[in-house]
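Counting from 1, the numbers follow the sequence of the chain as shown.
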Amino acid sequence: MRNARVLVQTMITLASASLGLVAALAWNDAIKATMRRVFGEGDSLPALYTYAILATVVAVAVVWSLGRLAARVGGEAVIVREAEG
């Protein structure tokens, strides 16, 4: 029974990661198109830095929010790093 649970958890983790990547790529295209409209067609340095900063802020906000949500519902990491014990 434990092996089936681990298998299901692994499949959920893989599916979540895969769908997350698809969503991230879609957002990447949408943000790039918006940046081209705002800054013009070329890959200007200010546009690239603005995009990088925007992507970083969004990523930090999402991870921070998920961490708070996990703490609120009593969640714990499924994958424990060796350094954490």
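- Grouping the Ile, Leu, Val, Met, Phe, Trp and Tyr side chains by contacts below 4.5 angstrom, directly or via other members, places Leu54 apart from Tyr49.
- Hydrophobic clustering, defined by side-chain heavy atoms of Ile, Leu, Val, Met, Phe, Trp and Tyr closer than 4.5 Å, groups Ile12 together with Val8.
- Distance check, rounded to the nearest 0.5 Å: CG of Asn3 to OG1 of Thr10 gives 10.5 Å.
- Two different hydrophobic clusters hold Val63 and Leu69 under the rule that ILVMFWY side chains link at heavy-atom gaps under 4.5 Å.
- The hydrophobic cluster containing Leu19, built from Ile/Leu/Val/Met/Phe/Trp/Tyr side-chain heavy atoms closer than 4.5 Å, comprises no other residue.
- If you take CG on Asp29 and OG1 on Thr34, they are separated by 10.5 Å, rounding to the nearest 0.5 Å.
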